[in-house]
Amino acid sequence: MTDVRGATFDADVIVVGSGFGGAVAALRLTEAGHRVLVLEKGRRLSDDDLLRARTDPRAYLWGPAAGMRGFFWQRIFRHMAIIGGTGVGGGSIVWAGVLLQPGADFYDAPAMRRLGRDWKQELAPHLEVAAGMLGRATAPHCGAADDHLRAAARSLGAEETYGPVPVAIHFGRPGETVPDPFFGGEGPERTGCRLCGECLLGCPYGAKNQLTRNYLHLAEKYGATIRAEHEVRSVRPLPSGGYAVEAGHPWRRGATTTLRARRVVLAGGVLGTLDLLYRCRDEQETLPGVSRRLGDGVRTNSEALTAVLQPPGDDFSHGPTISSDFHPDARTHTTQNRYMGGWHMRAQLGPMVDDDVPARRARRVLGQLLARPLTQARVIGAKDFLRRLTVLTTMQQHDSSLALDFRRSPWRPWRRALRSRLVDGTRPPSNLPIANAVTQAFADSSGGRPLNLLGESVGGLSVTAHILGGAVMGSSADDGVVDASHEVFGHPGLYVADASVIPANLGVNPSLTITALAERFCTLFPAPEPSGGAGRTTGRTPVTGQPVVPEEIR
């Protein structure tokens with residue numbers, strides 16, 4: 001493909017990553033008439049791969065250097081720990097499917113107001129399109145875990161805020177496969193939810209609306225190309241315009257492939273996008289114009305993870321991973337989680353201790369572990385552990401942030417890596433008293449044992465699956481990395497379309513907002529350019545999807 005200036009391109013647009021931002025870009029830019037190439041460092045996972053991950057850690061965990069070629073990963077920094085997924089579909093593989101809209105605090109945050117836009121009005125239509133594409137449905141199932149969450153809400157005087165959550169799941173009739181119910185037959189056939197509680201393991205049963213069953217499926221159908229196991233290592237501007245992207249195999253070091261495109265969209269998630277931009281700016285010096293604000297404004301959604309281990313004989317596993325929530329106060333949101341497949345949780349949970357001083361809290365937890373080792377041993381060795389376990393995710397809308405710098409690794413000092421740093425202001429919490437209050441109320445109702453994550457209580461870490469920011473929107477390079485149309489300051493034609501652009505805490509699960517922001521970004525993206533002197537095709541009418549009202553599940 002040659003443009004009017006004689007430059008040769010492998011694609012009009014290269015999209016780096018296939019999570020919520022990258023998947024939207026892949027479909028919408030293809031529909032607009034662009035030739036789109038998606039590069040994803042993870043594997044393309046079959047249903048058999050997801051099933052094998054239930055029993056084989058090597059098929060579940062992502063760690064190429066250690067021979068782990070699955071999809072689930074956890075990164076531990078000095079001040080936080082982050083969990084996520086890698087593969088075609090990105091974080092949607094290990095996603096619970098919750099589709100909640102942000103609250104007023106998000107739109108009123110100073111970082112959002114500084115951009116000079118009415119974000120609530122501007123995002124509203126894109127939130128609706130995103131909900132339709134992701135097949136939003138209200139969770140119809142109510143089980144024991146939901147009953148006890150309601151009891152916790154009642155005990156905290158917030159029962160009126162309790163209710164079922166909107167989720168991206170095809171419920172239908174359990175186990176019954178039907179033709180595509182979302183896109184007028186353009187999508188894949190779907191199977192009704194089995195209520196197995198395994199959403200976070202990737203859904204091999206055809207029920208969860210992960211990105212391979214909507215945006216990515218349609219993008220490939222309409223002409224986009226997705227290349228799995230292509231890790232992008234460099235992006236550099238071409239003298240005549242456009243960018244060269246160098247990619248290699250994530251676990252086979254050696255040969256790399258160089259691909260050229262008019263424009264590049266970075267959507268590798270917060271850690272992937274920041275790492276690539278830092279390396280290109282500071283090591284390779286191929287993107288020297290990237291703002292010095294890179295890495296600032298990283299947010300954990302101000303959340304805490306707690307848990308309750310139910311008494312022997314109880315089974316709370318039946319249902320989607322998340323089916324209900326409530327607001328213990330005006331700025332706090334809590335969901336209950338079934339965590340089937342989360343075998344690694346056994347070694348990560350310990351006694352619940354409420355203390356805002358991290359060092360003192362750690363001493364108190366360690367003191368309890370030493371004083372009552374058999375109690376901890378009974379938790380770790382509990383029979384039917386996952387069926388008895390309820391994980392509670394509590395998020396707050398109040399703002400807190402830290403920075404991710406690019407400094408020498410303490411473990412491999414010959415190379416640099418992302419490292420967390422505290423900044424002025426409120427640090428992301430490792431202890432949320434309201435989260436512990438919710439957990440205790442749930443345990444009082446269910447008769448279970450309340451627990452904290454040891455990473456939070458002993459390590460002082462803020463643990464999250466909802467990392468945001470680091471390449472945030474700003475009015476200029478002095479206060480952001482990208483502008484309000486997601487274009488990187490100093491590098492025209494280079495864009496960021498993932499959670500790293502979000503400059504404020506959401507206080508709710510962020511997938512719907514990330515998707516909506518990517519939808520908005522694509523409406524602002526430049527139209528296809530002439531190729532070889534001839535006009536490009538005009539594209540196709542964008543598909544919008546339809547939320548499906550689930551049948552009652554008995």
For Asn209 and His170, run side chain to side chain donor-acceptor pair (under 3.5 Å): C-alpha distance rounded to whole Å, both residues' side-chain angles, the deciding distance at 0.1 Å, then the answer. CA-CA 7 Å; Asn209 300 336; His170 171 61; over 6 Å; no
Stepwise, does the side chain to side chain contact (heavy atoms under 4.5 Å, CB included) test hold for His79 with Leu422? CA-CA 8 Å; His79 306 97; Leu422 296 180; 3.5 Å; yes
Would His333 and Leu100 count as a side chain to side chain contact (heavy atoms under 4.5 Å, CB included) if you check the C-alpha gap in whole Å, the side-chain angles of each, and the deciding distance to 0.1 Å? CA-CA 11 Å; His333 172 248; Leu100 289 166; 3.3 Å; yes
What pair of heavy atoms forms the shortest contact from Ser462 to Ser430, and how long is it? N-CB, 4.3 Å
Applying the side-chain contact (heavy atoms from CB on, under 4.5 Å) criterion to Met352, which one of Val365, Leu453, Val308, Thr439 satisfies it? Thr439
Compute whether any side-chain donor of one residue and acceptor of the other, for Glu176 and Thr191, lie under 3.5 angstrom apart. no
Would the distance check show the side chain of Glu40 and the main-chain N or O of Ser18 forming a donor-acceptor pair, the cut-off being under 3.5 Å? yes
Is the shortest heavy-atom distance from the side chain of Leu451 to the side chain of Val379 under 4.5 Å? yes
All side-chain hydrogen bond (donor to acceptor under 3.5 Å, both in side chains) counterparts of Ser317, not counting sequence neighbours: Asp315, Arg387
Tell me whether the centres of the aromatic rings in Phe183 and His217 are closer together than 6.0 Å. no
Say whether Tyr339 and Glu198, considering side chains only, have a donor N or O and an acceptor N or O under 3.5 Å apart. no
Sequence-distant partners of Phe521, ring-ring contact (aromatic ring centres under 6.0 Å, His included), two or more places apart: His486, Tyr495, Phe525
Show, in sequence, the C-alpha distance, side-chain angles and deciding distance for Tyr107 and Asp118, and conclude whether the side chain to side chain contact (heavy atoms under 4.5 Å, CB included) test is met. CA-CA 8 Å; Tyr107 297 113; Asp118 185 343; over 6 Å; no
Keeping the roles fixed (side chain from Asn505, backbone from Gly507), state whether a donor-acceptor pair exists under 3.5 Å. no
On a heavy-atom basis, the closest approach of Leu309 and Ala382 is CD2-CB, 4.0 Å
Does Arg136 use its side chain to pair, donor to acceptor, with the backbone of Glu128 at less than 3.5 Å? no
Determine whether Leu134 and Leu99 make a side-chain contact, defined as any pair of heavy atoms from C-beta on separated by less than 4.5 Å. yes
Evaluate the side-chain proximity of Leu506 to Arg299: yes if any heavy-atom separation is below 4.5 Å, no if none is. no
Compute the centroid of each ring, for Trp119 and then for Phe106, and state whether the two points are separated by less than 6.0 Å. no
Any side-chain heavy atom of Asn436 sitting closer than 4.5 Å to one from Val353? no
Quick check on side-chain contact (heavy atoms from CB on, under 4.5 Å): which of Asn301, Leu432, Thr332, Thr464 does Met395 satisfy it with? Asn301
Cation-pi, Tyr205 ring and Arg194 (6.0 angstrom, 45 degrees): yes
When you compare the side chain of Val88 with that of Phe71, does any pair of heavy atoms fall below 4.5 Å? no
Looking only at the side chains, is there a donor atom on one of Glu189 and Thr177 sitting less than 3.5 Å from an acceptor on the other? no
Please walk me through it: do Tyr215 and Glu519 pass side chain to side chain donor-acceptor pair (under 3.5 Å)? CA-CA 11 Å; Tyr215 283 102; Glu519 287 276 5; 2.5 Å; yes
Only one of Asp49, Asp48, Asp56 forms a side chain to side chain donor-acceptor pair (under 3.5 Å) with Arg52, so which one is it? Asp49
Less than 3.5 Å apart, any donor N or O on the side chain of Asp146 or Ser324 sitting next to an acceptor on the other? yes
Are the side chain of Ser155 and the backbone of Ala441 linked by a donor-acceptor contact shorter than 3.5 Å? no
Shortest non-hydrogen contact from Ser500 to Thr273? OG-CG2, 3.9 Å
Where do Met80 and Val463 land on the side chain to side chain contact (heavy atoms under 4.5 Å, CB included) test, with the steps shown first? CA-CA 6 Å; Met80 63 181 173; Val463 180; over 6 Å; no
Beyond-backbone contact of Leu369 with Pro351, side-chain heavy atoms, under 4.5 angstrom: yes
Going through the distances and angles, do Thr321 and Asn337 end up as a side chain to side chain donor-acceptor pair (under 3.5 Å)? CA-CA 5 Å; Thr321 288; Asn337 302 254; over 6 Å; no
Check each of Phe316, Phe326, Tyr162 against His148 using the ring-ring contact (aromatic ring centres under 6.0 Å, His included) test, and report the only one that passes. Phe316
Side chain to side chain donor-acceptor pair (under 3.5 Å) assessment of Asp354 paired with Asn431: CA-CA 7 Å; Asp354 197 358; Asn431 181 63; 3.0 Å; yes
On a heavy-atom basis, the closest approach of Leu454 and Ala347 is CD1-O, 3.9 Å
What pair of heavy atoms forms the shortest contact from Lys208 to Arg190, and how long is it? O-NH2, 3.1 Å
When Leu404, Leu468, Val423 are each screened for side-chain contact (heavy atoms from CB on, under 4.5 Å) with Val298, the one that passes is Leu404
Of all the heavy-atom pairs spanning Ser511 and Val98, show the shortest one and how long it is. OG-O, 3.0 Å
